[in-house]
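Here is how names work: the chains are called A, B, and so on, in the same order as the sequence lines, proteins then strands, and each is numbered from 1.
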2 protein chains.
Amino acid sequence: MVQQIEVGPRVRLNTDRVLHAAVSLADDVGIESLSMRRLAQELGVVPMALYKHVANKEELLDGMVGVIVGEIDPPVRDAGWRSAVRQRILSAREALLRHPWARQVLESRTNRTPAVLEYMDTFIGMFLAGGFSVDLTHHVMHALGSRMWGFTQELFQDPAGADTEGKAEVPPEVQAAMFQEMSTRYPKILQIAMAAKHDDGPVVGPGCDDQFEFEFALDLLLEGFDRLHRQDWTSARAKLVRG
Amino acid sequence: MVQQIEVGPRVRLNTDRVLHAAVSLADDVGIESLSMRRLAQELGVVPMALYKHVANKEELLDGMVGVIVGEIDPPVRDAGWRSAVRQRILSAREALLRHPWARQVLESRTNRTPAVLEYMDTFIGMFLAGGFSVDLTHHVMHALGSRMWGFTQELFQDPAGADTEGKAEVPPEVQAAMFQEMSTRYPKILQIAMAAKHDDGPVVGPGCDDQFEFEFALDLLLEGFDRLHRQDWTSARAKLVRG
DNA sequence: ACCTGAACACCGTTCAAGT
DNA sequence: ACCTGAACACCGTTCAAGT
């Protein structure tokens, strides 16, 4: 699991080492178990030593986000806006999927760190380079929202995730009872959940093809953006129509 | 600010009273300051007394979400799916806006409480009643994601929000320097930010019409859903095409 | 310049006891 | 049946001191 020990001459701490240690500690033990004290221990150092390199825990989290954002590929060159945007979002998605805690941290934070701003700036650049008006680009960015990072709120999240080991298996008869309960109380949820499972396999469990769902919504939006772009959509006109 | 005092015969605690006290405490002091101890104090009771009515803090948060979800209007009757969905989402949005902490709590949680399931079930029902296939409804729900709750990740969030009082005002010359810095490092962000401010007023500050942005993206999606629905879209066919 | 020790003001939660 | 007191094992962070 977590590497530690670290004998020999104590390596000098620096912000980068702190940040990367924090990232891999969060990868290993989960974000909820990441504390300044625990991180210090991992680095073989007293808690207060960290405060020379990050001002506080908030800044630590911002720095960790920065590390992950740094793993996202820059926009591909010489491609249309649509494929450039699509590829970059899917690259972001891959980076975020490597660090399951990152989604939550990204969302919980009002990020205006240089790394995040840099990402957004080049992101916006893809639309502008594709001939989008500044106006449309602005609204398009809002429409994407967190999808820009390659994720959306999952509808039917697995409970907690993390340690699947500790939890006792649900015995089949209890599972059947839960199923019964669901089908009478929430029949429609069950219906669409069953539809997803149909061609996959297990009736209960995470049978959704998340990647398909993500691309479904993404392409729907991209299609819409494209249409508006070709129509020379402006927000002023839209507001007029809306009244 | 926070009402407390509460003299006279101590009212008996119950889960409902605990939950509602927690909601209004979070409204008042912010979710990050909501602790079991603080809540107990607010109710004029020792911390441990709460544990007779909620199993732990997680369950408290789930219960608080339940209270907010209960404030969302049920689907309107005798309307087309599109207007029913639209109205309900905007009603959810109003409820969530009344409790600024709710968005974050909703997102941080793997909610499968009865209140949330009930909301989703009736939500799904609107599409099915509109003649959507179970298949399309499933994907459409994923595409909506957290937009179902009436919010999306805000692009340019105000830092932290909450106590605007304590923070010292940024002096104009510093503001100008920040502006300068932004325009050279993140020129495109500035461009689209300026576009938003154009007809509003202050150059810096929250000049975005959040409601417009929200409806812009929502209508783009609804439009897309409608098109797929009329084309008798199926995921099987879509996967075939995609390869 | 960087790290340490001890302390402060908090957390959520358990356990055994009170009425 | 409900509430209390005292305690446990944690937090993030400050301050003054060490090398």
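- Listed nucleotides: D/dT13, C/dC3, D/dC3. Nearest to the side chain of A/P47: D/dT13.
- Note: NZ (B/K52) to P (C/dT14) measures 12 Å, nearest angstrom.
- C/dC2 and D/dA16 have their C1' atoms separated by 15 Å, with the value rounded to a whole Å.
- Side-chain N/O atoms of B/H53 include one lying less than 4.0 angstrom from OP1 or OP2 on D/dC3.
- For C/dG18, the paired nucleotide is D/dC2, the pair qualifying as Watson-Crick or G-U wobble because both relevant distances are below 3.5 Å.
- To the nearest angstrom, C1' of C/dT13 lies 12 Å from CG of B/L50.
- Here the two rings, on A/H142 and B/F212, have centers that are 6.0 Å apart or farther.
- Pair assignment for C/dC8 gives D/dG12, based on Watson-Crick or G-U wobble hydrogen-bonding distances that are each under 3.5 Å.
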N/O contacts under 3.5 Å, protein versus nucleotides 8-12 of chain C?
residue, atom, partner, partner atom, Å
C/dC11, OP1, B/S35, OG, 3.1
C/dG12, OP1, B/M36, N, 3.1
C/dG12, OP1, B/K57, NZ, 3.1
C/dG12, OP2, B/M36, N, 3.0
C/dG12, N7, B/R37, NH1, 2.4
C/dG12, O6, B/R37, NH1, 2.9

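- Relative to the side chain of A/M48, the nucleotides C/dA6, D/dC2, C/dC2 differ in distance, and C/dA6 lies closest.
- C/dC3 atom P lies 13 Å from atom CG of A/L39, rounded to whole Å.
- You'll find the side chain of B/I89 reaches within 4.5 Å of the side chain of B/F123, heavy atoms only.
- Contact annotation: the side chain of A/D62 never approaches that of A/V54 to less than 4.5 Å [non-hydrogen atoms, C-beta and beyond].
- None of B/L50, B/T15, B/L39 except one satisfies the side chain to side chain contact (heavy atoms under 4.5 Å, CB included) rule with B/L60; the exception is B/L39.
- Counting heavy atoms from C-beta outward, B/Y186 and A/I124 have side chains that stay 4.5 Å or more apart.
- Contact check on B/D73 versus B/R88 returns no salt bridge, with no Lys/Arg side-chain nitrogen under 4.0 Å from an Asp/Glu carboxylate oxygen.
- Distance noted for atom C1' between C/dA7 and D/dC11: 14 Å (whole Å).
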